[in-house]
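Quick note on labels: first sequence line is chain A, next is B, and so on, each numbered from 1. None of the values given here were measured: they were computed from a predicted structure.
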Number of protein chains: 2
Amino acid sequence: MTPAPEHVRSDVWTALRECRLWRSAADAAITELARAARIEEVHRGARLIAEGEPAVEFAVVVAGRIRVFHLGADGKRIAFETLDAGDPVAVIAALAGGRHPANAEAVTPAILAWLASETLWELIAADDQVAREVISDLANRVVNFTGVVHTLALDVPSRLARYLFQRALGVGQPSSRGLEIDLGMSKTDLAEALGTVPETLSRAFARLRDEQLIEVQGGRVIILDVRAIARLGSGYSEG
Amino acid sequence: MTPAPEHVRSDVWTALRECRLWRSAADAAITELARAARIEEVHRGARLIAEGEPAVEFAVVVAGRIRVFHLGADGKRIAFETLDAGDPVAVIAALAGGRHPANAEAVTPAILAWLASETLWELIAADDQVAREVISDLANRVVNFTGVVHTLALDVPSRLARYLFQRALGVGQPSSRGLEIDLGMSKTDLAEALGTVPETLSRAFARLRDEQLIEVQGGRVIILDVRAIARLGSGYSEG
DNA sequence: TCCCGGACTTGACCGCAGTCAAGGCACGCG
DNA sequence: CGCGTGCCTTGACTGCGGTCAAGTCCGGGA
């Protein structure tokens with residue numbers, strides 16, 4: 001990749017360059033974005049976006065990890081997505097033109113590059129290819145949401161199986177007993193990501209273990225019966 | 001509105017003209033679409049799209065009503081949306097380029113105008129304003145999906161209250177006792193739309209009635225306490 | 001007028017999962 | 001070495017909601 005020009009922060013430039021919304025944009029346009037961006041550094045736990053606020057800006061994650069979630073009336077959380085460097089934040093509200101539909105907070109110390117919503121529309125208008133990338137991204141988000149809805153309709157062991165299977169597709173390592181994976185987060189965090197609580201997740205692990213489908217050793221899981229896990233995670237038959 | 005040219009079906013032309021994805025397209029472009037479209041007439045109950053099929057076409061509803069839903073492993077349905085004349089069908093898969101993420105079936109006899117997925121991309125490339133409309137539509141779909149996820153996290157009486165409130169915003173008529181609305185579908189259908197079954201919906205109606213929040217007379221409901229219904233439907237403070 | 005079928009309601013039952021409470025286990029610090 | 005603090009697990013309880021079964025109401029047809 002082209003290095004950042006000297007007069008902009010290189011971490012900001014790199015994150016913007018990697019953002020999937022405008023892969024096809026020229027380096028000069030990225031530099032312009034980097035110059036226009038308002039850089040914000042936040043501590044762990046900072047609330048970046050509150051549901052219902054009018055959306056006038058969106059951001060790109062420069063460093064750290066952001067979690068996007070919905071807050072139920074009783075304070076219960078529903079996790080939507082986890083964002084890392086290069087991922088766009090709050091772009092939906094920017095494009096839909098209304099209020100933020102969800103909350104975002106930093107789960108690690110983080111740096112964000114904020115841009116005016118209108119900036120994104122200008123990029124789209126200026127470059128057909130960017131329009132295409134934005135449309136693809138949005139369409140894929142909708143597809144992912146249908147998956148989220150699907151998942152929420154399953155019971156917890158099935159949701160867990162689904163997670164294990166999809167994670168195995170990514171980081172699965174064949175081992176002597178089966179396919180070995182690392183959970184990638186604490187079980188408490190996984191419980192939240194699956195829309196449940198640690199106690200129930202623990203029982204779900206126990207049940208899959210009792211049925212000889214998996215073995216659990218701390219944060220590592222060996223999938224003994226991949227077919228059964230895939231089936232439990234509800235007919236995920238695609239590649 | 002400009003009438004349809006004589007050499008294309010006027011119902012098809014009208015439905016295409018009203019499609020929200022390309023409001024700004026020229027009449028000539030609509031005529032071209034109408035000519036290119038493959039017209040399909042289906043009976044009530046026909047399955048139009050099956051989840052997992054490769055997406056090579058999308059459609060616009062010319063007449064009738066289409067229901068889009070997800071099918072759980074056990075055959076349980078999750079309703080996503082209901083489409084009428086002028087609404088686009090399966091546009092997500094066309095733009096995401098993969099397989100259909102949901103099923104669609106006709107709930108009444110229906111007529112559809114099918115177009116190649118590539119046709120939509122051509123329209124987008126040819127007209128910046130169309131790109132803008134498509135992006136807005138997609139962004140709003142994502143926002144709506146966050147609402148669906150939110151709703152599924154509520155208990156059934158709250159989901160019902162949410163539906164009643166939103167419907168009241170649309171077709172509510174002030175009456176002597178309160179705001180009167182027509183459910184717009186059978187209670188069995190409403191149960192499915194709310195992700196539950198008739199028995200549970202019936203109990204939810206009974207509970208709201210017992211709490212003096214509504215009165216029910218067949219397919220008509222009088223909302224006695226709009227504030228309470230709005231609050232139950234979970235702090236819907238907008239518009 | 002009688003009968004039938006479909007929509008809706010009500011009651012009884014039960015399983016899943018969230019909550020509360022009580023432990024077990026590992027790690028780090030004094 | 002002992003203790004505290006998270007993280008995880010297990011048990012007991014409860015409430016929501018889906019299922020099964022029965023019963024009511026209403027409109028259409030013979």
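Interatomic distance, CZ of Phe69(A) versus CG of Asn103(A), reported as 4.5 Å (0.5 Å rounding).
Between Leu183(A) atom CG and dC8(D) atom C1' the separation is 13 Å, expressed in whole Å. Rounding to whole angstrom units, CD of residue Glu192(A) and P of dG18(C) are separated by 12 Å. The distance from atom CG of Leu160(A) to atom P of dA17(C) is 11 Å, rounded to the nearest whole Å. Rounding to whole angstrom units, CG of residue Leu152(B) and P of dG17(D) are separated by 12 Å. Rounded to an integer number of Å, the gap from CG of Leu194(B) to C1' of dG17(D) is 14 Å. Distance Leu154(B) CG to dG17(D) C1': 14 Å, rounded to the nearest Å. Rounded to whole Å, atom C1' of dG18(D) lies 17 Å from atom CZ of Arg77(B).
Electrostatic pairing of Arg209(A) and Glu215(A) does not count as a salt bridge here, judged by no charged N lying under 4.0 Å from a carboxylate O. In summary, Arg67(B) and Glu81(B) do not engage in a salt bridge, as defined by a charged side-chain N under 4.0 Å from a carboxylate O. Comment: Arg47(A) does not engage Glu53(A) in a salt bridge, judged by the lack of any side-chain N to carboxylate O separation of less than 4.0 angstrom. For Glu51(B) and Arg77(B), the salt-bridge test fails: no basic side-chain N is under 4.0 Å from an acidic carboxylate O.
Under the side-chain hydrogen bond (donor to acceptor under 3.5 Å, both in side chains) rule, Arg65(A) has a single partner from Thr108(A), Thr82(A), Asp84(A), which is Asp84(A).
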Are any protein N/O atoms closer than 3.5 Å to N/O atoms in nucleotides 25-27 of chain D? If there are, list each pair with its distance.
none

Can you pull every protein N or O that's under 3.5 Å from an N or O on nucleotides 9-16 of chain C?
residue, atom, partner, partner atom, Å
dT9(C), OP1, Lys187(B), NZ, 3.0
dT9(C), OP2, Ser202(B), OG, 3.0
dT9(C), O5', Ser202(B), OG, 3.0
dG11(C), N7, Arg203(B), NH1, 3.2
dG11(C), O6, Arg203(B), NH2, 3.1
dA12(C), N6, Arg203(B), NH2, 3.3

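Relative ring orientation between Phe145(A) and Phe145(B) is described as parallel, the plane-to-plane angle staying below 30° on a 0-90° scale split at 30° and 60°.
Put simply, Thr188(A) has no side-chain N or O that comes within less than 4.0 Å of OP1 or OP2 on dG6(D).
Under the 3.5 Å distance criterion, with hydrogens and angles disregarded, a donor-acceptor pair is assigned to the side chains of Ser158(A) and Asp155(A).
Between the side chain of Arg17(B) and the backbone N or O of Arg23(B), at least one donor-acceptor pair lies under 3.5 Å.
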